[in-house]
S.K.: 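Handing you a structure now.
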Amino acid sequence: MTARLEDGWIVSMRSKETGDEYFEGTGAESGNAERSSVLELVYAANEAVPVSSGLMSSCEAFQINGSTAELRYHNWDADGILLLREDADTGDLIIEQSAYSSRTGVRSARYSLNGLRHDLRVVAPLWQGLDMEFTDPAITGFRAAWPLQWEAGFVIAAGAKGGIWAHVQDADYRFKTLTVGTPGDPYGFSLESDNYGPITDKNSAGGLAWRFNVYTGDWRAAATRYKDWLWKAFSLEKELALRPEWLDQLAFAVSWCPTDIKLLEAVAQKVDPGKVLLHLNNWRKFGYDEDYPYFHASDAGKAFVERCRQMGFHVMPHCSSMEIDPSLPEFHYFDDFAIRDLEKGRRLGWSWVDRNASMGVPGSDIALRTHKANKVMIKIHTAFPTWHSVLREQIREAVADLNLENVFIDVTLCLYNPQRSLVNNTPTTKGFIQEIRHLQDIGLNGRPLYVGGEGLNEVTMKGVSFAQVHLKTRTDGQEQARTGKCDINRFLFGKLVKSMGYAMLSGSTEDSAIYMQSHVDHGTVPTVTVRSAEEITNPNAAVAKMIKLANEM
């Protein structure tokens with residue numbers, strides 16, 4: 001490519017191969033003469049303080065050598081640097097932003113790009129793969145935290161024959177944020193280098209180097225550059241040895257499977273049980289989402305798991321990766337390591353109100369311990385070794401009792417950058433990988449324990465063999481349909497992880513049928529959430545379609 005920058009803004013990127021220009025114009029011609037600041041300090045509540053523009057602003061440019069330059073910014077409120085480099089081997093443009101101020105509370109440093117051609121679409125690893133118009137109200141202005149929502153560190157502006165991409169080669173689990181669109185111009189995106197919490201005393205941010213380049217072809221050509229780096233950086237070929245030999249045979253899944261042997265018999269009449277993965281949520285002596293981390297099977301749960309084994313089904317009893325019931329006496333030992341919101345400081349977790357909604361968790365310590373009926377759960381930092389120890393022992397007992405080959409651990413996608421981000425100098429992301437390794441070690445018969453989790457991103461894919469994934473929405477079928485048939489996460493991680501659908505997959509409504517197909521389009525095996533054998537024996541059209549797809553795989 002050839003690229004041109006003005007005052008830090010990328011105003012032109014042109015493919016040498018095709019001659020295609022991916023920006024609307026340059027400088028004032030682009031329609032963005034009144035741009036916001038290309039470099040910003042970001043505080044709580046997404047408050048953006050300009051660094052490269054604003055009161056008393058100035059810019060100094062320094063040529064460091066033939067492939068490196070630096071822009072140094074000053075204004076009334078802040079100072080910053082953009083380091084600009086060309087990678088001689090790849091031709092990538094590399095931009096590293098940093099900024100600082102005497103004011104504390106800095107969450108991140110933000111670099112923005114806008115003025116893209118209006119025929120380009122945003123393609124990104126959001127909700128397993130998103131391909132939408134930049135101007136779609138469901139996505140424009142959306143701010144996605146890595147890895148919870150932004151599931152891998154790249155974004156593509158895709159056209160019919162090619163486009164541009166941006167990615168970061170970060171093997172250190174640094175938190176980062178993507179925003180689709182910029183103020184006054186939806187045709188762009190912003191990239192943030194986030195601080196570890198706590199941010200109260202932080203007055204600077206930066207440290208990530210973003211790469212930009214053009215590509216020819218569809219989005220897979222751009223994603224391949226990132227995939228190749230990812231597999232090499234994390235030695236992912238070695239991870240294949242920790243996956244079951246039957247992983248690629250899976251072709252059908254039942255999410256939130258009832259503990260009902262008649263349902264097993266019905267499914268076995270439709271699909272080979274050896275190709276079926278079952279997510280089993282009600283198998284313990286305790287109520288669902290109560291008394292974590294106790295994992296003791298009920299008699300019905302034992303009988304169901306044994307019948308699964310006899311029939312050849314692959315079953316994953318539901319456990320938890322990071323949550324504890326605060327009414328338990330053990331909570332006393334973990335509360336100091338509870339995950340708290342980066343900006344507001346409240347404990348993070350879940351509760352059930354009127355059986356189907358959450359108000360978050362109580363702020364009152366008394367209420368925290370006295371609302372067991374509301375299924376209150378508190379999230380614990382995944383790098384805390386004592387949590388690893390307790391979780392491993394509780395799950396190990398269940399594995400031995402039920403002779404389990406697989407388990408499911410919930411909310412593995414909730415890898416936050418919390419108020420106390422580092423425990424033992426380790427973030428939640430890297431802590432989760434440590435936790436998974438402890439669980440893999442308790443497998444039986446010389447095999448690792450095969451673990452399933454909720455969500456799939458470039459952190460969790462290192463350890464999970466199965467993933468129950470989320471779509472963009474479960475409340476608007478038409479919006480979900482607009483996300484496109486985009487299976488980025490399967491493209492990146494499908495060799496390591498088999499994905500299944502999440503919820504609302506009964507096929508009983510038009511929206512439900514859309515969600516079922518959209519899961520498949522985004523890379524999952526055909527998945528249903530049914531409550532009875534009758535829904536399999538005499539399926540509606542959407543369930544019948546999933547069964548048909550499974551038998552064609």
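The basis for the numbers below is simple: all heavy atoms, side chains too, and nothing from hydrogens, waters or symmetry mates.
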S.K.: Short question: side chain of Gln149, backbone of Leu126 - any donor-acceptor pair under 3.5 Å?
M.R.: no
S.K.: Okay, side chain of Gln480, backbone of Lys472: is any donor-acceptor separation there less than 3.5 Å?
M.R.: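 Looks like yes, one N/O pair under 3.5 Å.
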S.K.: Are any side-chain N or O atoms of Thr412 and backbone N or O atoms of Glu454, one a donor and one an acceptor, separated by less than 3.5 Å?
M.R.: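 Yes, because the side chain of Thr412 sits within donor-acceptor range (under 3.5 Å) of the backbone of Glu454.
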S.K.: Under 3.5 Å, is there a donor-acceptor pair between the Gln434 and Arg437 side chains?
M.R.: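 Distance-only check fails for Gln434 and Arg437.
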S.K.: Quick check against the 3.5 Å criterion: does Arg346 have a side-chain atom that pairs as donor or acceptor with the backbone of Asp341?
M.R.: no
S.K.: So, do His296 and Phe286 have ring centers that fall under 6.0 Å from each other?
M.R.: yes
S.K.: Hey, is the main chain of Ser506 close enough, under 3.5 Å, to the side chain of Ser512 for a donor-acceptor pair?
M.R.: yes
S.K.: Check the side chains of Gln269 and Glu265 for a donor-acceptor pair under 3.5 angstrom, ignoring hydrogens and angles.
M.R.: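 There is no such pair between these side chains.
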S.K.: Compute the centroid of each ring, for Trp150 and then for Phe189, and state whether the two points are separated by less than 6.0 Å.
M.R.: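 Ring-ring flag for Trp150/Phe189: false, centres at least 6.0 Å apart.
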S.K.: Show me, pair by pair, the donor-acceptor contacts under 3.5 angstrom made by side chains of residues 230-238, not counting sequence neighbours?
M.R.:
unit_1	atom_1	unit_2	atom_2	d
Trp231	NE1	Leu492	O	3.0
Glu237	OE2	Lys495	NZ	3.4

S.K.: Measuring centre to centre across the rings, with the benzene-like ring taken for any Trp, is Phe491 within less than 6.0 Å of Trp219?
M.R.: yes
S.K.: When you measure from the side chain of Asn457 to the backbone N and O of Val459, does any donor-acceptor pair fall under 3.5 Å?
M.R.: yes
S.K.: Would you kindly say whether His279 and Gln468 are connected by a side-chain donor-acceptor distance under 3.5 Å?
M.R.: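 Distance-only check passes for His279 and Gln468.
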S.K.: Establish, yes or no, whether a centroid distance under 6.0 Å links the rings of Trp165 and Phe154.
M.R.: no
S.K.: Any chance CG of Asp228 has more than 12 other-residue heavy atoms, nucleotides or ligands included, within less than 6.0 Å?
M.R.: yes
S.K.: Is there a donor-acceptor contact under 3.5 Å linking the side chains of Trp350 and Asp289?
M.R.: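 The criterion, which ignores hydrogens and geometry beyond distance, is not satisfied for Asp289 and Trp350.
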S.K.: Do the two ring centres, one from Phe466 and one from Trp246, sit under 6.0 Å apart?
M.R.: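 They qualify: ring centres under 6.0 Å apart.
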S.K.: For residues Asn282 and Thr259, is any side-chain donor paired with an opposing acceptor at under 3.5 Å?
M.R.: no
S.K.: Where is the tightest heavy-atom contact between Ala221 and Tyr215, given as atom of each residue plus distance?
M.R.: CB-CD1, 4.0 Å
S.K.: Report yes or no: does Glu151 contribute a side-chain atom to a donor-acceptor pair with the main-chain N or O of Gln128 at less than 3.5 Å?
M.R.: yes
S.K.: Do Ser465 side-chain atoms and Arg243 backbone N/O form a donor-acceptor pair below 3.5 Å?
M.R.: no
S.K.: Quick check: does any side chain N or O of Ser351 sit under 3.5 Å from a backbone N or O of Asn374, one acting as donor and the other as acceptor?
M.R.: no
S.K.: Sub-3.5 Å donor-acceptor pair from the side chain of Asp272 to the main-chain atoms of Gly274, do we have one?
M.R.: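 The answer is yes, because a donor-acceptor pair under 3.5 Å joins these two groups.
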